[in-house]
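Report on one structure; see the data block that follows.
All residue numbers in this chain count up from 1 along the given sequence.
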Amino acid sequence: MKLLLSRLEKLFKILPPLLLRDLKERYAGSVLGIFWAFLQPLLLVLLYWLVFAQILKIRIPSDTGDIPFIAFLLSGLLPWFAFQDGVMRGASSILDRRHIVKKVIIPSDVFPLSAVISSFIHYGIGILFFLVGFFIWKGTISYQQILLIPAILFLQVLFASGLAILFASLAVYVRDILQVLSFAFQLIFYTSTILYPLSAVPESLRLIILLNPITSLSEAYHNLILYNKYPDIYSICYLFLIAILSLIIGFYTFRKLKKGFSDVL
């Protein structure tokens with residue numbers, strides 16, 4: 001753990017300039033620029049809202065009346081966009097920066113970290129606007145929401161960083177990892193409670209859904225944002241354990257494999 005913390009300290013010293021460069025490259029040559037941070041997720045949200053709320057007529061019950069499905073959708077879907085984009089871009093970051101990794105002496109694990117944080121900044125704008133709009137509409141916000149929502153987001157960043165570092169190191173040797181990840185994320189997405197409430201899951205399938213760590217994330221956001229309730233302590237502990245394990249395994253694997261990067265890139 002001390003080695004991990006020391007490594008993180010070194011990485012964060014050189015992370016800001018790389019992060020700024022990553023953000024500039026994301027919007028380079030784009031006419032709409034930063035507006036894509038709103039437009040891309042907005043189009044997907046409208047599609048899911050049309051299918052699930054208007055066609056399938058899914059309703060989200062609560063103690064104070066039905067929660068608008070669009071609010072339920074946004075509270076889980078926007079963080080998911082940040083998570084998926086961060087891990088996917090992080091997983092390909094070493095391959096994308098192969099010319100730098102081969103020629104410049106720099107901790108190469110900073111590239112997946114930069115990709116993850118860049119994605120969270122990119123989609124964080126939409127998350128912030130949603131939260132402000134929702135709490136204005138609701139007319140109230142509590143201290144636990146102010147404190148715990150950023151804490152859950154931070155835990156999500158740790159989880160995404162661990163996965164990005166792990167898959168970035170593996171993708172150098174096995175390029176098919178990126179295609180497998182694309183399919184795996186579809187599976188993870190539909191077996192989590194981002195698009196539907198946990199109460200709608202049949203009892204026979206509930207354990208499978210609960211084992212998905214993204215379910216723990218989406219349930220935490222739903223409880224905090226929509227219902228102003230504390231997240232389930234067991235699911236948060238499970239999520240925390242998974243996040244820490246992903247960081248440890250990710251950094252360990254990266255450290256073992258990076259010696260051969262220049263030979264295969």
Side-chain angles (χ1 to χ4, degrees), residues 12 15-50 53 67-93 96 110-161 163-164 185 188-189 192 194-195 214 217-226 228 231 243:
F12 280 110
L15 186 59
L18 288 175
L19 181 59
L20 183 61
R21 177 179 176 178
D22 190 82
L23 288 169
K24 288 181 178 179
E25 288 179 353
R26 180 185 283 265
Y27 303 114
S30 172
V31 176
L32 295 179
I34 197 171
F35 287 104
W36 282 112
F38 304 97
L39 188 58
Q40 287 177 329
L42 178 62
L43 293 175
L44 283 174
V45 166
L46 288 175
L47 174 62
Y48 288 124
W49 173 77
L50 177 64
I67 294 290
F69 184 76
I70 190 68
F72 177 87
L73 189 62
L74 288 170
S75 63
L77 198 57
L78 291 177
W80 164 256
F81 287 152
F83 181 86
Q84 181 185 38
D85 188 65
V87 176
M88 287 298 297
R89 294 183 72 247
S92 64
S93 60
D96 295 340
V110 75
F111 296 118
L113 284 176
S114 175
V116 169
I117 297 174
S118 170
S119 292
F120 273 83
I121 293 174
H122 178 77
Y123 288 102
I125 299 170
I127 294 172
L128 181 61
F129 271 85
F130 160 66
L131 290 175
V132 171
F134 179 76
F135 289 128
I136 290 175
W137 171 81
K138 200 172 183 181
T140 180
I141 185 173
S142 68
Y143 287 112
Q144 73 181 27
Q145 289 170 320
I146 294 173
L147 294 174
L148 293 183
I149 292 173
I152 299 299
L153 281 169
F154 178 72
L155 190 58
Q156 182 178 331
V157 171
L158 294 182
F159 185 25
S161 298
L163 293 180
F185 272 126
I188 291 169
F189 176 69
S192 69
I194 295 174
L195 296 178
I214 300 302
L217 270 176
S218 59
E219 287 298 296
Y221 290 127
H222 292 158
N223 284 325
L224 274 172
I225 298 171
L226 304 177
N228 194 20

inquiry  = Against W80, only a single residue in I194, L195, D85 fulfils side chain to side chain contact (heavy atoms under 4.5 Å, CB included); can you say which?
reply    = I194

Throw together a table of side-chain donor-acceptor distances under 3.5 angstrom for residues 145-160, partners on residues two or more places apart or in other chains.
from: Q145; atom 1: OE1; to: S142; atom 2: N; distance (Å): 2.9
from: Q145; atom 1: OE1; to: S142; atom 2: OG; distance (Å): 3.4
from: Q145; atom 1: NE2; to: L224; atom 2: O; distance (Å): 2.7
from: Q156; atom 1: OE1; to: Y221; atom 2: OH; distance (Å): 2.5
from: Q156; atom 1: NE2; to: P79; atom 2: O; distance (Å): 2.7

ask   = Does some side-chain heavy atom of F130 sit less than 4.5 Å from a side-chain heavy atom of I127?
value = no

query = Partners of S92 by side chain to side chain donor-acceptor pair (under 3.5 Å), sequence neighbours excluded?
reply = D96

request  = Examine distances only and state if a side-chain atom of S93 and a backbone atom of G90 form a donor-acceptor pair shorter than 3.5 Å.
outcome  = yes

query = With a 4.5 Å heavy-atom cut-off, do L77 and Y123 have their side chains touching?
reply = no

ask   = Between CG of L131 and CD1 of I141, what distance do you get to the nearest 0.5 Å?
value = 7.5 Å

inquiry  = Using every non-hydrogen atom in the two residues, find where A164 and G86 come nearest and quote the distance to one decimal.
reply    = CB-O, 4.2 Å

Those residues that, when tested against S218, pass side chain to side chain donor-acceptor pair (under 3.5 Å) (two or more places apart) = T193

Interatomic spacing from CG in L73 to NE2 in H222 - rounded to 0.5 Å = 8.0 Å

query = Pick one: which of L163, L78, V116 meets side chain to side chain contact (heavy atoms under 4.5 Å, CB included) with F83?
reply = L163

task = Return yes if some donor-acceptor pair links the side-chain N/O of Q144 with the main-chain N/O of N228 below 3.5 Å, else return no.
result = yes

ask   = Taking the side chain as C-beta and beyond, is there a heavy-atom pair between F134 and S75 under 4.5 Å?
value = no

ask   = Which atom names give the shortest non-hydrogen contact between A82 and S119, and what distance separates them?
value = O-CB, 3.9 Å

